Structures are given as structure tokens and as C-alpha cells.
Amino acid sequence: MDNTCLFCRIVTGEIPATVVHRTETTVAFRDIDPKAPTHVLVIPVEHHTDVVALATANPSAAADVLATAAAVAEAEGLTEGGFRVIFNSGRNGGQEVFHVHAHVVGGAPLGPMLAGR
């Protein structure tokens, strides 16, 4: 745990979040600034800076994040119409919180992958 990390503090309950799914190794909660009708963040309980760090240090935890993302998509009713699972990695990738997290977004047509392309 990193006491200065926003997501680590959510894991411990120090900062409240609307948790929609929890396992021993992951926590999924609603994004406070949703970009789609459904926007849930899935994080590993263990602190890793980005998806590369997670996959390198703990491939099993990386698999758990994907399994939780799938469970969230199903529970939120996204599997029939479609959804995205997005990992932003690094500043150029748009990562804002440096605790790896997957965005599960859906509930409406999402448009092109990159704006202006």
C-alpha cells in the first residue's frame, strides 16, 4: 500500500467510493467523472503503478483485474450491446492516477477510439 495513493486509500476504506464488485485481489467502483452511462474502475488491491508493472510483477493479479472487468460488464448489462476495457498507461497514455486501473465503459455507442483521428 502507498499511503499517498488515492486508489490505495479507496481500497482501505479511508476514502469512500461506490463499490460495485470486490474480490480478495480487486476492487471495482464507479468513476466520479463518468465518460459513458456506465464507467467503472477496476483496480488490484496491491499497488502497482501501471499495467506493465502489474503484468510483470504479478500476472495472476493482472488476470484477476480482467476477470473482475468481465464480471462488472456482465453485472452492468453491457455484454450484449458491447463495452470497452481501457488501460491508460503513463502520462502520454492519459493515466492520471498512478495505481493501475482498468476503465469498464459502455451503455451507449462509444464512437471512435481516438478523438480527431
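In what follows, residues are counted from 1 in the order of the sequence shown. Just so you know, these numbers use all the heavy atoms, side chains as well, and skip hydrogens, waters and symmetry mates. Since we're looking at a predicted model, the values are computed, not measured.
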Enquirer: Assess the residue pair Q95 and D50 against the criterion (side chain to side chain donor-acceptor pair (under 3.5 Å)); give the C-alpha distance rounded to whole Å, side-chain angles, the decisive distance to 0.1 Å, and a yes or no.
Expert: CA-CA 9 Å; Q95 187 175 2; D50 59 31; 5.9 Å; no
Enquirer: Are any of the side-chain heavy atoms of F98 and R91 separated by less than 4.5 Å?
Expert: yes
Enquirer: Taking all heavy atoms of V42 and all of A69, pick out the closest pair and write down the distance.
Expert: CG2-CA, 4.1 Å
Enquirer: Hey, is the main chain of A53 close enough, under 3.5 Å, to the side chain of T56 for a donor-acceptor pair?
Expert: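 Answer holds: no.
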Enquirer: Show, in sequence, the C-alpha distance, side-chain angles and deciding distance for H21 and T23, and conclude whether the side chain to side chain contact (heavy atoms under 4.5 Å, CB included) test is met.
Expert: CA-CA 7 Å; H21 191 87; T23 70; 3.7 Å; yes
Enquirer: Look at the side-chain heavy atoms of Ile, Leu, Val, Met, Phe, Trp and Tyr, link any pair under 4.5 Å apart, and say whether V52 and L66 land in one connected group.
Expert: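 Yes; L66 is reachable from V52 via cluster members.
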Enquirer: Looking at CG of D31 and CG of L41, how far apart are the two atoms once the value is rounded to the nearest 0.5 Å?
Expert: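 Result: 4.5 Å between the selected atoms.
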Enquirer: Are V100 and V45 linked, directly or through other ILVMFWY residues, by side chains that come within less than 4.5 angstrom of each other?
Expert: no
Enquirer: I need the minimum non-hydrogen distance between T25 and D64, along with the two atoms involved.
Expert: OG1-OD2, 2.8 Å
Enquirer: Scan V105, L78, V104 and name whichever one has a side-chain contact (heavy atoms from CB on, under 4.5 Å) with R84.
Expert: V105
Enquirer: Looking only at heavy atoms, which two atoms of A61 and L54 are closest? And how far apart?
Expert: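 So the minimum-distance heavy-atom pair works out to CB-CD1, 3.7 Å.
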Enquirer: Between atom CD1 of I15 and atom CZ of F29, what is the distance when rounded to the nearest 0.5 Å?
Expert: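 Output value for this atom pair is 9.5 Å.
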Enquirer: So which heavy atom on A36 is nearest to which on G106, and how close?
Expert: CB-O, 3.6 Å
Enquirer: Hey, what do you get for CD1 (I43) to OG1 (T68), rounding to the nearest 0.5 Å?
Expert: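 The distance works out to 10.5 Å.
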Enquirer: With under 30° as parallel and over 60° as perpendicular, where do the rings of H47 and H99 fit, or are they tilted in between?
Expert: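 Plane angle over 60°, so perpendicular.
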Enquirer: H39 pairs by side-chain hydrogen bond (donor to acceptor under 3.5 Å, both in side chains) with which of R30, H103, E76?
Expert: H103
Enquirer: Can you name the nearest heavy-atom pair linking N58 to H48, along with the distance?
Expert: CB-NE2, 4.3 Å
Enquirer: From L6 CG over to E14 CD, what is the distance, rounded to the nearest 0.5 angstrom?
Expert: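 Atom-to-atom, L6:CG and E14:CD are 10.0 Å apart.
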Enquirer: Compare every heavy atom of A62 with every heavy atom of A55, then report the nearest pair and how far apart it is.
Expert: CA-CB, 4.3 Å
Enquirer: Using the rule that two of Ile, Leu, Val, Met, Phe, Trp, Tyr join whenever any of their side-chain heavy atoms come within less than 4.5 Å, decide whether I86 and V51 are in one cluster.
Expert: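 Looking at the clustering, V51 is in a separate group from I86.
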Enquirer: Any link between V40 and V97 through a network of hydrophobic side chains (Ile, Leu, Val, Met, Phe, Trp, Tyr) touching at under 4.5 Å?
Expert: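 No.
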